[in-house]
Amino acid sequence: MEGRGQDASGPGRTGRAVAYVVLAVLGAATGVAGGLVQAALPPFGLLLALAGSAALFHGGARFTGTRAGAAVPAGAWLAAVIWLSTPRAEGDFAFAAGIGPYAFLLVGVLIGVMCATLPPPGGAGAHGARSVR
């Protein structure tokens, strides 16, 4: 059933839309969990939180075969982390001022940008110009 407009190399249009929604939810959950882990288990919590974020961003790009597969969870991750860093009316906040939270935010954003701007694994840029016949 190749005539339905689906590419054999990846999920169809509906599958990608569902994947993007799932990746956005996972990105927000990873941002919240990473924010809690990096503060609770210094310094290894920071490394664990960043590794989990990088795995999600790269895995999203690899699964969907598009750059948006990394950008969607990275954007949701950033929104969750920014939401956690804003002070509440009660005076509570999840991120204290310190090197750990700032490193989590900065390095996490850099990882998200790297994963979203590099060519997707297995995409058109993976084989290079010499593979064109």
Side-chain angles (χ1 to χ4, degrees):
M1 299 240 159
E2 297 286 332
R4 291 192 162 183
Q6 291 183 355
D7 187 13
S9 66
R13 186 176 294 179
T14 305
R16 277 203 183 120
V18 170
Y20 292 147
V21 170
V22 170
L23 286 170
V25 170
L26 288 174
T30 303
V32 171
L36 298 174
V37 167
Q38 66 86 22
L41 304 169
F44 300 109
L46 175 63
L47 297 175
L48 179 64
L50 291 172
S53 300
L56 176 65
F57 304 156
H58 179 70
R62 190 163 181 86
F63 177 72
T64 61
T66 64
R67 291 178 177 161
V72 167
W77 178 91
L78 181 61
V81 170
I82 294 295
W83 177 71
L84 283 175
S85 66
T86 58
R88 309 288 179 258
E90 302 85 23
D92 298 336
F93 52 91
F95 286 162
I99 191 72
Y102 290 137
F104 178 63
L105 181 60
L106 179 64
V107 175
V109 167
L110 289 175
I111 291 171
V113 168
M114 284 180 7
C115 289
T117 56
L118 291 174
H127 301 294
R130 295 182 187 220
S131 66
V132 177
R133 295 180 188 193

N/O donor-acceptor pairs under 3.5 Å from side chains in residues 46-53, not counting sequence neighbours:
| unit_1 | atom_1 | unit_2 | atom_2 | d |
| --- | --- | --- | --- | --- |
| Ser53 | OG | Ala49 | O | 3.0 |
| Ser53 | OG | Trp77 | NE1 | 3.1 |

Original post:
Looking at residues at least two apart in the chain, or sitting in another chain, which of them share a side chain to side chain contact (heavy atoms under 4.5 Å, CB included) with Ala71?
Top reply: Ala116
Original post:
To which residues is Leu118 joined in a hydrophobic cluster, defined by side-chain heavy-atom contacts under 4.5 Å among Ile, Leu, Val, Met, Phe, Trp and Tyr, whether direct or through other members?
Top reply: none
Enumerate, atom names and distances included, each donor-acceptor pair closer than 3.5 Å involving a side-chain atom of residues 97-115, sequence neighbours excluded.
none

Give every donor-acceptor pair under 3.5 Å between a side-chain atom in residues 20-34 and any protein atom, sequence neighbours left out.
| unit_1 | atom_1 | unit_2 | atom_2 | d |
| --- | --- | --- | --- | --- |
| Tyr20 | OH | Thr66 | OG1 | 2.8 |
| Thr30 | OG1 | Leu26 | O | 2.7 |

**OP:** Taking all heavy atoms of Ala19 and all of Thr64, pick out the closest pair and write down the distance.
**Re:** CB-CG2, 4.1 Å
**OP:** First locate atom NE2 of His58, then atom CG of Leu56, and finally report the distance between them rounded to the nearest 0.5 Å.
**Re:** 11.5 Å
